[in-house]
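Atom set for the values below is all heavy atoms of this structure, side chains included, hydrogens, waters and symmetry mates excluded. We're numbering straight along the sequence, starting at 1.
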Amino acid sequence: MSRRTEFIETLLSQFPDGLDGFNDELSGYVHLEVSQFRGHVEKAVRDGRFWYLEKAFRLIETFIDGSGDDVDNALEISFVEDFALGSFTKEEVYEVLKRLSKPMRATLEKHSEQWRL
């Protein structure tokens with residue numbers, strides 16, 4: 001099983017709605033799939049469902065391994081970096097930071113000043 005397949009299967013087992021609205025014709029483009037999932041996580045933050053965010057970041061941290069492969073690259077760029085550059089209220093930033101691991105908080109801080117409280 002490819003690492004991408006393992007990631008997508010794990011994502012969908014933990015987040016059945018994680019790729020809702022995704023165009024099946026684009027299936028297999030891991031950056032686009034990860035970006036779609038990030039959008040669901042950002043919506044969860046805006047809706048105050050921080051448990052969803054916590055669970056999502058645990059999944060992301062499980063698969064980010066520094067290998068530089070397609071999955072690692074997509075998670076670093078299309079999830080973490082794009083999430084860090086997203087638009088959040090101060091209250092949302094505070095709530096997000098409370099729930100992330102120290103390494104993940106440091107990663108968000110590296111990408112955007114809004115995460116430096």
Quiz item: Quick one: OG1 on Thr107 to NZ on Lys102, what's the gap to the nearest 0.5 Å?
Solution: 14.0 Å

Quiz item: When hydrophobic residues are tied together by side-chain contacts of less than 4.5 Å, even through go-betweens, does Ile77 share a cluster with Val41?
Solution: no

Quiz item: Hey, does the side chain of Asp72 reach the backbone of Ile64 with a donor-acceptor pair shorter than 3.5 angstrom?
Solution: no

Quiz item: Charged N to carboxylate O below 4.0 Å: is that the case for Glu95 and Arg99?
Solution: yes

Practice problem: Specify the closest pair of heavy atoms between Tyr94 and Leu117, including all atoms of both residues, with the distance to one decimal. | Solution: CA-CD1, 4.0 Å

Practice problem: Give a yes or no on whether the backbone of Leu108 and the side-chain of Ser112 come within a donor-acceptor separation of less than 3.5 Å. | Solution: no

Practice problem: State, yes or no, whether a side-chain contact exists between Val96 and Arg105 at a heavy-atom distance under 4.5 Å. | Solution: no

Quiz item: Can you name the nearest heavy-atom pair linking Glu61 to Ser101, along with the distance?
Solution: OE2-OG, 2.5 Å

Exercise. Return the minimal non-hydrogen interatomic distance between Val30 and Ala74, and the atom names on each side.
Key: CG1-CB, 3.8 Å

Quiz item: How about Asn73: does its CG atom have over 12 heavy atoms from other parts shown lying under 6.0 Å from it?
Solution: yes

Self-check item: Distance-only side-chain donor-acceptor flag, Ser2 / Thr5, under 3.5 Å
Solution: yes

Exercise. Heavy atoms only: give me the nearest Arg49-Lys43 pair and the separation to one decimal.
Key: NH2-C, 4.4 Å

Quiz item: At what distance, to the nearest 0.5 angstrom, does CG of Asp17 lie from CG of Leu12?
Solution: 9.5 Å

Quiz item: Distance-only, no hydrogens or angles: does the Trp115 side chain make a donor-acceptor pair with backbone N or O of Leu97 under 3.5 Å?
Solution: no

Quiz item: Mind checking what makes ring pair (Phe, Tyr, Trp, His ring centres under 6.0 Å) contact with Tyr52, not counting sequence neighbours?
Solution: Phe15

Quiz item: So, does Ser13 use its side chain to make a donor-acceptor pair with the main chain of Thr10 at under 3.5 Å?
Solution: yes

Quiz item: With respect to Glu42, which candidate in Arg38, His40, Arg46 satisfies the side-chain hydrogen bond (donor to acceptor under 3.5 Å, both in side chains) definition?
Solution: Arg38

Quiz item: Are the ring centres of Phe83 and Phe88 closer than 6.0 Å?
Solution: yes

Practice problem: Would you check if Glu33 and Arg4 make a side-chain contact, meaning some heavy-atom pair closer than 4.5 Å? | Solution: yes

Quiz item: Is the closest side-chain heavy-atom distance between Met1 and Glu9 below 4.5 Å?
Solution: yes

Quiz item: What distance do Leu75 atom CG and Asp82 atom CG have between them, rounded to the nearest 0.5 Å?
Solution: 11.5 Å

Quiz prompt | Point-to-point distance, once rounded to the nearest 0.5 Å, from CD of Glu54 to CZ of Phe57 | solution = 11.0 Å

Quiz prompt | Test ring pair (Phe, Tyr, Trp, His ring centres under 6.0 Å) applied to Phe7 - qualifying residues, sequence neighbours left out | solution = Phe63

Quiz item: Closest heavy-atom contact between His31 and Ser78?
Solution: ND1-OG, 2.7 Å

Practice problem: Determine, for Asp69 against Arg3, whether the closest basic-nitrogen to carboxylate-oxygen distance falls under 4.0 angstrom. | Solution: yes

Self-check item: His111 side, atom NE2; Glu81 side, atom CD - distance, nearest 0.5 Å
Solution: 4.5 Å

Quiz item: For Lys98, does the NZ atom have more than 12 heavy-atom neighbours from other residues, nucleotides or ligands under 6.0 Å away?
Solution: yes

